[in-house]
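This report refers to the structure that appears directly beneath it.
Here, residue 1 is the first one in the sequence, and each next residue gets the next number. Computed from a predicted model, the values in this text were never measured in an experiment.
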Amino acid sequence: MFADKLLKDGYCDIGQFLRLQFKKEEMYARLKEAGSPFAELYGKSYPKQATLAAELSDFIDNSLKYRDPDSLSYLEAQALLNWIFRSASNSGDREGIVKDLIQGLGAEYGSKDDYLVSQGSIIFNQSRVEIHFVRSIEDFNQSIKKTGIHNDGFYYRGHSQVNFTLTPSVMRRKSWREHECDMYNELKIQCPQDFEKIKTHLDVLVHMQHYGLPTRLLDITRNPLVAMYFACEQDSGTFGEIIAFKVDRKNIKYPNSDTISLLASLPLFSSEDQASFSKYAADPEIDKREFNYKIDRLLHEVKSEKPAFRDEVNKEDLLNCFVVLSPKANNRIIKQDGAFIICGLAEDNSLALNTLRYKDSASKSVVYIVDNKAEILEQLQRFSINKANLFPEIDDVADFIKNKF
């Protein structure tokens, strides 16, 4: 969770743990509902620091013996970290846990002097990240000017929590990634009328994303204020973040791109097939010609949509991520000035996604940490940036109107 965010992106927020914002009863109920063994930790008193290590070791040996470490959910990671921080009896002890964490990270991944704490809870690697804190639209505007961002080739994404990672929805849960093909096909079978007029694999994915099915698409926008809205719309007690992407024009793909057609066809194949494609693409012993021969089934699927498609796929394209400008096929994309990043078959797409982040002259990723969310939402409302305008479907507009009164 936050450690994963810190290692991949170079920063994270530990505020929820330092401020003890998670209530024991609520966490227990959520874990119980999810059928998680971590509910056991919340069915009894929090540990003392003196017994923490022993109790955690006993829990792992007895309750997590047969669990895959990669299957730890976001909720379970939150629960575990909160349980550890709750062992501290005061803020000084909790700060001690943070110092131990930073020292451990420094020993494992670099000098501890690289890691700093800002605004009380944001840990960041100063050699990798340039942090800008914003509390208003004007703050954001001034920060954008300061960092040299302009309109051409820049895209944005807002997260309501700093600890969210740049991960397409289908890759946020192991079971979703393994059953991407099943989800794709079942939705088309259950709702065939919704796909009758859709011609391309990319348009199918965009339509599925629109209605909430996990896909390998990541929403981005050209409008920084839209990203700011998404950074503020939820989780009022935590920092949000705005991520800026800088993409050269030659690396922006259009919907008719052969590369996009290739990646958009991946959901039609099982996780086993995808693993094979990925293995071939990563094998340095396989040349381009042999690679195209080995993925002939994938190429055949692309040709069903584009008969003139040629068997000249570059291996690295199958593992990469690309910005794609989707047709303005629905009002939501139009209102949000939306585009997408489509992700390939890399084992960890965060590496490819982070190469798209905007970096300053010192090659540091620039990130905007957002506070004062309620006030910013009021400011955005004055510019008609609100739920009703960004989500123009009648149910969302009705919800927005209801919450005004």
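Between the side chains of S36 and E76, at least one donor N or O sits under 3.5 Å from an acceptor N or O. E180 and Q274 share a donor-acceptor pair across their side chains, judged by distance under 3.5 Å alone. In this structure, a donor-acceptor pair under 3.5 Å is absent between the side chains of D273 and S276. Using modelled atom types and a 3.5 Å distance limit, the side chains of S265 and E301 yield no donor-acceptor pair. Between D235 and T238, the side chains place no donor N or O within less than 3.5 Å of an acceptor N or O (distance only, hydrogens not considered). Looking at N223 and T221, their side chains never bring a donor and an acceptor atom within 3.5 Å of each other.
Atom-to-atom distance recorded for Q209:CD and I342:CD1 is 10.0 Å, nearest 0.5 angstrom. Summarising the geometry, atom CG belonging to N185 is positioned 11.5 Å from atom CD belonging to Q190; distances are rounded to the nearest 0.5 Å. To the nearest 0.5 angstrom, S169 atom OG is 7.5 Å from L213 atom CG. Here CD of Q49 is found 4.5 Å from OG of S87. Values are rounded to the nearest 0.5 Å. One finds the CD1 atom of I333 at 13.0 Å from the CG atom of L390 (value rounded to the nearest 0.5 Å).
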(request) Starting from the C-alpha separation in whole Å, work towards a yes-or-no answer on side-chain contact (heavy atoms from CB on, under 4.5 Å) for R30 and Q78. (result) CA-CA 11 Å; R30 291 170 65 193; Q78 279 186 325; 4.0 Å; yes
(message) What verdict does the ring-ring contact (aromatic ring centres under 6.0 Å, His included) test give for F245 and F154, after you've listed the backbone C-alpha separation in whole Å, the side-chain angles of each residue and the deciding distance to 0.1 Å?
(response) CA-CA 6 Å; F245 302 94; F154 280 90; over 10 Å; no
(message) Evaluate D311 against K303 for salt bridge (charged side-chain N to carboxylate O under 4.0 Å, His left out), listing each step before the verdict.
(response) CA-CA 10 Å; D311 299 356; K303 288 176 183 176; 2.8 Å; yes
(request) Check step by step if side-chain contact (heavy atoms from CB on, under 4.5 Å) holds for L325 and I252. (result) CA-CA 7 Å; L325 303 181; I252 297 174; 3.7 Å; yes
(message) Walk me through whether L52 and I84 qualify under side-chain contact (heavy atoms from CB on, under 4.5 Å).
(response) CA-CA 7 Å; L52 174 65; I84 291 172; 4.0 Å; yes
(request) Report the C-alpha distance between Y156 and L225 in whole Å, list the side-chain angles of each, state the deciding distance to 0.1 Å, and finish with yes or no for side-chain contact (heavy atoms from CB on, under 4.5 Å). (result) CA-CA 9 Å; Y156 306 87; L225 295 185; over 6 Å; no
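What you find for I376 and C232 is that their closest heavy atoms are CG2-SG, 3.6 Å. Smallest separation of non-hydrogen atoms from D13 and S121: OD1-OG, 2.8 Å. In plain terms, the two heavy atoms of D283 and K315 that are nearest each other are O-NZ, 2.5 Å. Across every non-hydrogen atom of K373 and G240, the tightest pair is CE-N, 3.5 Å. Smallest separation of non-hydrogen atoms from P267 and Y184: CB-CD1, 3.6 Å. Residues E241 and I369 approach most closely at CB-CD1, 4.4 Å, considering heavy atoms.
Looking at heavy atoms from C-beta onward, V367 lies in side-chain contact with I131 at the 4.5 angstrom threshold. Looking at heavy atoms from C-beta onward, I144 lies in side-chain contact with Y368 at the 4.5 angstrom threshold. Side chains of H201 and S304 form a contact here, defined as non-hydrogen atoms less than 4.5 Å apart. Put simply, the side chain of F230 does not reach to within 4.5 Å of the side chain of S160, judged on heavy atoms. Counting heavy atoms from C-beta outward, K199 and V204 have side chains that stay 4.5 Å or more apart. By the 4.5 Å heavy-atom criterion applied to side chains, K188 and M208 are counted as neighbours. Between L262 and L299 the shortest side-chain heavy-atom distance falls below 4.5 Å. Within the 4.5 Å cutoff, the side chain of M171 has no heavy atoms near those of the W176 side chain.
Stacking of R86 on the aromatic ring of W83 is not recorded, the 6.0 Å distance cut-off and the 45° axial limit not both being met. Both tests do not hold together for K24 against Y42: distance to the six-membered ring centre under 6.0 Å, angle to the ring axis within 45°. Cation-pi geometry between K246 and Y358 is not met at under 6.0 angstrom from the ring centre and within 45 degrees of the axis.
The backbone N or O of I60 lies less than 3.5 Å from no partner atom in the side chain of S63, so there is not a single donor-acceptor pair. When atom types are taken as modelled, the side chain of R222 and the backbone of G338 share no donor-acceptor pair closer than 3.5 angstrom. Between the side chain of N354 and the backbone N or O of K8 there is at least one donor-acceptor pair closer than 3.5 Å. A donor-acceptor pair under 3.5 Å links the side-chain atoms of R216 to the main chain of C343, judged by distance alone. Distance alone, capped at 3.5 Å, places no donor-acceptor pair between the K335 side chain and the A388 backbone. With N314 contributing its side chain and E316 its backbone, the two residues share no donor-acceptor pair below 3.5 Å. The closest donor-acceptor contact from the side chain of Q379 to the backbone of I137 lies under 3.5 Å. No donor-acceptor distance shorter than 3.5 angstrom exists from the side chain of D139 to the backbone of V134, with no hydrogens or angles considered. Counting only distance, with no hydrogens or angles, the side chain of S365 and the backbone of R357 share no donor-acceptor pair below 3.5 Å. Of the possible polar contacts, one joining the N292 side chain to the K288 backbone as a donor-acceptor pair under 3.5 Å is found.
Residue pairs satisfying the ring-ring contact (aromatic ring centres under 6.0 Å, His included) criterion with at least one member in residues 294-351, sequence neighbours excluded, are absent.
Separation of the F38 and F59 ring centroids falls under the 6.0 Å cut-off.
Listed by chain and number, the residues in a salt bridge (Lys or Arg N to Asp or Glu O under 4.0 Å) with R382 amount to none (sequence neighbours excluded).
Within a 6.0 Å sphere centred on CD of E347, other residues, nucleotides and ligands contribute 12 heavy atoms or fewer.
A salt bridge links R310 with E312; the closest basic N to acidic carboxylate O contact falls under 4.0 Å. The pair K364-D360 fails the salt-bridge criterion, with no side-chain N (NZ, NE, NH1 or NH2) lying under 4.0 Å from an Asp/Glu carboxylate O.
Using bins of under 30°, 30° to 60° and over 60° for the plane-to-plane angle, the ring pair Y211/H207 lands in the perpendicular bin.
With L217 as the partner, the side chain to side chain contact (heavy atoms under 4.5 Å, CB included) test is satisfied by one option alone out of I341, L263, V206: V206.
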